Amino acid sequence: MKSKPFNGACTIGDSTPNRGERSNDVPIIIVGAGPVGLMLAVLLAGKNISSVVIEKNEQLDSTPRALLHYPPTLDVFKTAGIYDTVLGHGLISRGIHYRKRLDCTNKDNPSLGESVALLETTKPQPDGRLDETKCAVAYAQSLLSKLLLQKAVESKLVQVHFDAKVTKLEEDVHGITVFVDTAQGNQTMRAQYLAACDGGRSTIRNLLGIQFTGFTWPGRLLATDVERTITEVEDIPSYYVIDRAEWAVVTPMEPVYPGKPAMWRYAFPITDESLTDEEVNDKEYVKKQLLKYIEGPRPGNHVLVQNRTWKIHQLQAATMHRGRVVLAGDAAHLNNPVGGYGLNTGLLDADLLHNVFDQIFNESYHDPHELLAEYSAARRSVFQNVVIPLTYAGKIRLHENDPDRAIKEDWYFRMLRRGNPVEIAKAHEPLRHWRTNVQDIMTTQNTNEIAS
């Protein structure tokens, strides 16, 4: 059947062409309405650059996914105009404990395991306030996507199409044609550039034949969202569990107050690999596993809200730029969830990319192809040299040894227990290079041009 110009159903928002574009082209098509794609759309709108977002699913993803946002990403939230909302509804986190498994001396009322180390990023000031530049904020990815979608629509420069699957790309000297399968049939759309933000199984990356290399960790992770009410709240409630088999990541998803229900995230490995995903996601199985990690009287007053299993990857695309297409977020890289670096890295991709497009569309940058190539080089370097080492070590640290040995032998735990702030800051110094300034990659390109 012949393709026709795009006029998809399940469309939200309006998109008004900005200056400098061909009459039938939008400046940028963004594939993927996750937080990275929607963040890119919002940031572009802030530069008066219109975009169209195409999402294959019928609605936003609401399953348990990323949660924690670090200071560099929070700065991007300020640019996007969502910082106050995230800060007002999220949990401000100033550190995390490393704990042993539950203390089951009293089997009817197990207590939190002993804290063997603490990473504390800042202390309360005399008036009780925290230095926000040293805090992370827990705010669920599903909520972030909803917030960004609202912001995108309000901009009047973004149009979002759901239930629209990209099937083919055709590039020429003037732009790129995107073929889309919708409920109304096969349709087409034209743009000057395309940003692939369509996740780890990226259709766009696969259509371009870009290699996705690295490895997948053995086993699966079970992520759960749980509502529970506790009578006493730890000063720093988030923690990792150190254990060879049953390690875990535990954190509130919102502010927690004694005696009031709040949402918590419990993520832990599936220890029985003979079980199918269907068996693992059975509610009774999940509830039984949660009792290994939730303290308090049995049988407990918590409520399982939702859960999902995940494979754990360390993968990177061979390039984040090819022709008129760029990759960002999980389409470009995947890492294990310990530490919460994955979504942050993707949002920082979007931050740099919107500044690159600002140079191309609003400043008429003289060599767009090379600037996009420098975007790819810079962000791949960050993933290889910052994200991979931190996430690999962070996960191994939780299960390579029992906690009593780990606190004596692991350099990181020994450092935390010494508590020297200068030493701790130096260990986390690579994160200073997590965010990339567009001026830096422009300087790199100009230097290369002079050298040649």
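Computed from a predicted structure; not experimentally measured. Residue numbers count from 1 along this sequence.
- Using a 4.5 Å heavy-atom cutoff, the side chains of Leu149 and Val153 are in contact.
- The 12-atom threshold is not exceeded at CD of Gln211, counting heavy atoms of other residues, nucleotides or ligands nearer than 6.0 Å.
- Val158 and Ala152 get closest at one heavy-atom pair: CB-O, 3.6 Å.
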Which pairs of donor and acceptor atoms, one on a side chain in residues 351-361, lie under 3.5 Å apart (sequence neighbours left out)?
unit_1, atom_1, unit_2, atom_2, d
Asp351, OD1, Arg435, NH2, 3.3
Asp351, OD2, Arg435, NE, 2.8
His354, ND1, Asp351, O, 2.6
Asn355, ND2, Asp351, O, 3.2
Asp358, OD1, Asn362, ND2, 2.8

Q.
I'd like to know whether Thr167 forms a side chain to side chain contact (heavy atoms under 4.5 Å, CB included) with Val180, so could you lay out the CA-CA distance, the side-chain angles of the two residues, the decisive distance to 0.1 Å, and finally the verdict.
A. CA-CA 6 Å; Thr167 59; Val180 186; over 6 Å; no
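- Using modelled atom types, one side-chain atom of Arg265 and one backbone atom of Arg65 make a donor-acceptor pair closer than 3.5 Å.
- Looking at Phe268 and Val250, their side chains never come closer than 4.5 Å, going by heavy atoms from C-beta outward.
- Applying the salt bridge (Lys or Arg N to Asp or Glu O under 4.0 Å) test to every pair with at least one member in residues 82-99, sequence neighbours left out, gives these pairs: Arg94-Glu120, Arg94-Asp235, Arg99-Glu234.
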(Q) What verdict does the side chain to side chain contact (heavy atoms under 4.5 Å, CB included) test give for Leu157 and Leu44, after you've listed the backbone C-alpha separation in whole Å, the side-chain angles of each residue and the deciding distance to 0.1 Å? (A) CA-CA 9 Å; Leu157 288 171; Leu44 289 171; over 6 Å; no
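- Looking at Thr73 and Asn344, their side chains do bring a donor and an acceptor atom within 3.5 Å of each other.
- Legend: residues meeting ring pair (Phe, Tyr, Trp, His ring centres under 6.0 Å) with Tyr83, ordered by chain and number and at least two apart, are absent.
- The two atoms that bring Cys135 and Leu130 nearest to each other are SG-CB, 4.0 Å, heavy atoms only.
- The minimum heavy-atom distance between Gly90 and Val137, with the atom names listed, is CA-CG1, 4.0 Å.
- Summarising the local packing, CZ of Arg418 is surrounded by more than 12 heavy atoms from other residues, nucleotides or ligands at distances under 6.0 Å.
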Would you give me the side-chain donor-acceptor pairs under 3.5 Å for residues 330-340, sequence neighbours excluded?
unit_1, atom_1, unit_2, atom_2, d
His333, ND1, Gly329, O, 3.4
His333, NE2, Asp349, OD2, 2.6
Asn336, OD1, Val338, N, 2.9
Asn336, ND2, Gln314, OE1, 2.7
Asn336, ND2, Thr391, O, 2.8

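- Under the rule for a side chain to side chain donor-acceptor pair (under 3.5 Å), Gln59 has no partner lying at least two apart in sequence or in another chain.
- A search for ring pair (Phe, Tyr, Trp, His ring centres under 6.0 Å) contacts involving His399 returns Trp247, not counting sequence neighbours.
- At least one donor-acceptor pair under 3.5 Å links the side chain of Thr182 to the backbone N or O of Gln184.
- Checked against side chain to side chain donor-acceptor pair (under 3.5 Å), Glu246 has the following partners two or more places apart in sequence or in another chain: Arg101, Lys292.
- A donor-acceptor distance shorter than 3.5 angstrom exists from the side chain of Asp198 to the backbone of Thr203, with no hydrogens or angles considered.
- Trp310 meets the ring pair (Phe, Tyr, Trp, His ring centres under 6.0 Å) test with no other residue; sequence neighbours excluded.
- Applying the ring pair (Phe, Tyr, Trp, His ring centres under 6.0 Å) rule to His428 yields the partners Tyr412; only residues at least two apart in sequence or on another chain are considered.
- Partner of Thr177 under the side-chain hydrogen bond (donor to acceptor under 3.5 Å, both in side chains) criterion, out of Lys168, Glu171, Arg190: Arg190 alone.
- Partners of Arg220 under the salt bridge (Lys or Arg N to Asp or Glu O under 4.0 Å) rule, at least two apart in sequence or in another chain, are Glu273, Asp277.
- Taking a cutoff of 4.0 Å between a charged side-chain nitrogen and a carboxylate oxygen, Lys165 and Asp163 qualify as a salt bridge.
- Using a 4.5 Å heavy-atom threshold, the side chains of Met442 and Tyr365 count as touching.
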Q: Take Leu144 and Leu347, measure what side chain to side chain contact (heavy atoms under 4.5 Å, CB included) needs, and give me the verdict at the end.
A: CA-CA 11 Å; Leu144 179 63; Leu347 293 170; 4.1 Å; yes
**Q.** Chi angles and distances behind the side chain to side chain contact (heavy atoms under 4.5 Å, CB included) call for Tyr341, Phe383
**A.** CA-CA 10 Å; Tyr341 293 100; Phe383 190 74; over 6 Å; no
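- Of the possible donor and acceptor atoms, one in the side chain of Thr224 sits under 3.5 Å from a partner among the backbone N and O of Tyr266.
- The nearest pair of heavy atoms linking Pro71 to Thr133 is CG-O, 3.3 Å.
- Arg414 CZ: 12 or fewer foreign heavy atoms inside a 6.0 Å radius.
- Among pairs with a residue in residues 126-147, none fulfils ring-ring contact (aromatic ring centres under 6.0 Å, His included), at least two apart in sequence or across chains.
- Sorted by first and then second residue, the side-chain hydrogen bond (donor to acceptor under 3.5 Å, both in side chains) pairs with a member in residues 316-326 read Gln316-Gln384, Thr319-Ser376; sequence neighbours excluded.
- The shortest non-hydrogen separation linking Ala117 to Arg417 is CB-CG, 4.4 Å.
- Arg201 places no side-chain N or O within donor-acceptor distance of the main-chain N or O of Asn206, the cut-off being under 3.5 Å.
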(Q) Ser238 vs Thr251, test: side-chain hydrogen bond (donor to acceptor under 3.5 Å, both in side chains). Steps then yes/no. (A) CA-CA 4 Å; Ser238 302; Thr251 184; 2.6 Å; yes
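- Shown here is Gln125, whose CD atom has more than 12 heavy atoms of other residues, nucleotides or ligands within 6.0 Å.
- Annotation: side chain of Ile29 is not in contact with side chain of Ile176 (no heavy-atom distance under 4.5 Å).
- Side chains of Leu169 and Leu207 form a contact here, defined as non-hydrogen atoms less than 4.5 Å apart.
- Nearest heavy-atom pair across Lys311 and Gly219 is CD-O, 4.2 Å.
- Just one of Thr63, Asp225, Asn281 meets the side-chain hydrogen bond (donor to acceptor under 3.5 Å, both in side chains) condition when paired with Asn307; it is Asn281.
- The backbone N or O of Ala136 lies less than 3.5 Å from no partner atom in the side chain of Ser93, so there is not a single donor-acceptor pair.
- No side-chain donor-acceptor contact under 3.5 Å links Ser381 to the backbone of Ala377.
- Between Phe212 and Ser202 the shortest side-chain heavy-atom distance does not fall below 4.5 Å.
- The distance from the CG atom of Asn437 to the CD atom of Gln439 is 6.0 Å, given to the nearest 0.5 Å.
- Counted within 6.0 Å of NZ on Lys78, heavy atoms from surrounding residues, nucleotides or ligands total more than 12; the atom is thus considered enclosed.
- Counting only distance, with no hydrogens or angles, the side chain of Gln306 and the backbone of Ser62 share a donor-acceptor pair below 3.5 Å.
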